Amino acid sequence: MSLSATNALFDPREILPRELHDFLTITEIDRADFLVNALFRAKFGEGPPAEQRHLACLYRDPDGAVFVAGYSHMRPFGDVYLSGGSCTSGATIRRMQPHERAAVEASGGIWFWLLKYAFRKYADECDAFFGHCGNPRALQVALAAGFSKTEHEPVIVNWHKPLHESIQRALLAKVVALGGF
């Protein structure tokens, strides 16, 4: 079985803490506009990107209704992935039962788990993950999930596999030259 086929079978319960299994899941979706358009527009003033690699965190309430709790986009860019467009739904988080909300907060939060999911699911498809993060609270979450600061703020990186320093410098320079994403 190929690595891509293995990743296609990835179960989010492999990374989500047990206390979140009954009410949260993370999945890749083909069309972000179908599921996260309203959330994305509220956060960024425009629709979500059309390019593939859309991740959605879904919350299932006690009655079985499902709501979008968070979204993140992982755009392939040559040999790296660019993490962007991440957002969470305050309305969905407020909809959670108090013990569910407490479990999410205690475990790192919605975006933390979206990043952990992406880092695991796409690890074999890229040499590194890059993001832009200028918000102090978001940066705290990104660093806890596995990103590191670079000398080119607000660019952050997750070096999830060993790479020679010259390759790391070249990848970083390529992303910095790209500008905002």
Side-chain angles (χ1 to χ4, degrees), residues 1-96 100-101 103-105 107-133 135 138 141-142 145-147 156 158 160 180-181:
M1 181 180 293
S2 74
L3 292 175
S4 294
T6 301
N7 285 343
L9 301 174
F10 177 57
D11 186 339
R13 291 174 292 192
E14 293 177 30
I15 59 137
L16 285 172
R18 179 86 181 105
E19 59 271 17
L20 305 181
H21 288 190
D22 291 341
F23 62 93
L24 284 185
T25 193
I26 300 172
T27 191
E28 184 175 352
I29 56 175
D30 291 333
R31 287 191 45 212
D33 63 322
F34 186 81
L35 202 57
V36 301
N37 192 52
L39 172 62
F40 199 90
R41 283 187 182 283
K43 300 288 183 171
F44 299 106
E46 60 186 0
E51 298 91 0
Q52 295 297 306
R53 299 296 189 252
H54 306 282
L55 301 178
C57 179
L58 305 174
Y59 166 68
R60 181 178 57 204
D61 76 9
D63 296 326
V66 176
F67 303 89
V68 175
Y71 169 79
S72 192
H73 187 247
M74 295 288 162
R75 182 176 78 164
F77 182 63
D79 39 11
V80 300
Y81 270 35
L82 306 175
S83 173
S86 301
C87 49
T88 57
S89 170
T92 298
I93 292 168
R94 286 187 297 277
R95 187 181 292 276
M96 292 178 183
E100 294 170 335
R101 191 170 35 256
V104 169
E105 291 172 10
S107 71
I110 300 294
W111 188 41
F112 177 88
W113 292 111
L114 281 162
L115 289 173
K116 288 296 205 180
Y117 180 93
F119 294 161
R120 167 62 174 77
K121 182 168 180 71
Y122 305 128
D124 296 327
E125 298 178 23
C126 66
D127 289 336
F129 296 89
F130 285 90
H132 272 240
C133 194
N135 177 287
V141 173
F147 272 113
I156 55 177
N158 176 297
H160 66 281
F181 55 86

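Just so you know, these numbers come straight off a predicted model, no measurement behind them. Only heavy atoms go into these numbers, but all of them, side chains included; no hydrogens, no water, no symmetry mates.
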Using every non-hydrogen atom in the two residues, find where [X] and [Y] come nearest and quote the distance to one decimal.
| X | Y | result |
| --- | --- | --- |
| L115 | M74 | CD2-CE, 3.9 Å |
| W111 | S86 | NE1-OG, 2.9 Å |
| K116 | A145 | NZ-O, 3.2 Å |
| Y59 | P62 | OH-CD, 3.8 Å |
| P12 | T25 | CG-OG1, 3.3 Å |
| Y71 | L114 | N-CD1, 3.6 Å |

Would you find a donor on one side and an acceptor on the other, under 3.5 Å apart, between the side chain of [X] and the backbone of [Y]?
| X | Y | result |
| --- | --- | --- |
| R13 | R18 | no |
| E100 | F23 | no |
| N135 | A138 | yes |
| R75 | S83 | no |
| W113 | S107 | yes |

Show which side-chain atoms of residues 37-51 pair as donor or acceptor with protein atoms under 3.5 Å away, not counting sequence neighbours.
{"from": "N37", "atom 1": "OD1", "to": "R41", "atom 2": "NE", "distance (Å)": "3.4"}
{"from": "K43", "atom 1": "NZ", "to": "T88", "atom 2": "O", "distance (Å)": "3.1"}

Problem set entry | Aromatic ring pairing Y117/F10, orientation class (parallel under 30°, perpendicular over 60°, tilted between) |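 Ring orientation of Y117 relative to F10: tilted.
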When you compare the side chain of [Y] with that of [X], does any pair of heavy atoms fall below 4.5 Å?
| X | Y | answer |
| --- | --- | --- |
| F67 | L58 | no |
| K121 | E28 | yes |
| S89 | V68 | no |
| L55 | H73 | no |
| V104 | M96 | yes |
| H132 | I156 | no |
| L24 | C57 | yes |
| F130 | F181 | yes |

Exercise. How long is the gap from OG1 on T27 to NE2 on H54, to the nearest 0.5 Å?
Worked result: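 One gets 12.5 Å once the value is rounded to the nearest 0.5 Å.
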Problem set entry | Distance (rounded to the nearest 0.5 Å) between I29 CD1 and F34 CZ |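 Here the rounded value is 9.5 Å.
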For this session: Answer yes when E125 and R53 have at least one side-chain N-carboxylate O distance shorter than 4.0 Å, and no when they do not.
Result: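 Salt bridge: yes.
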Problem set entry | Set of residues satisfying side chain to side chain contact (heavy atoms under 4.5 Å, CB included) with respect to C126, sequence neighbours excluded |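 If we apply the side chain to side chain contact (heavy atoms under 4.5 Å, CB included) test to C126, skipping adjacent residues, the hits are Y81, F129, H160.
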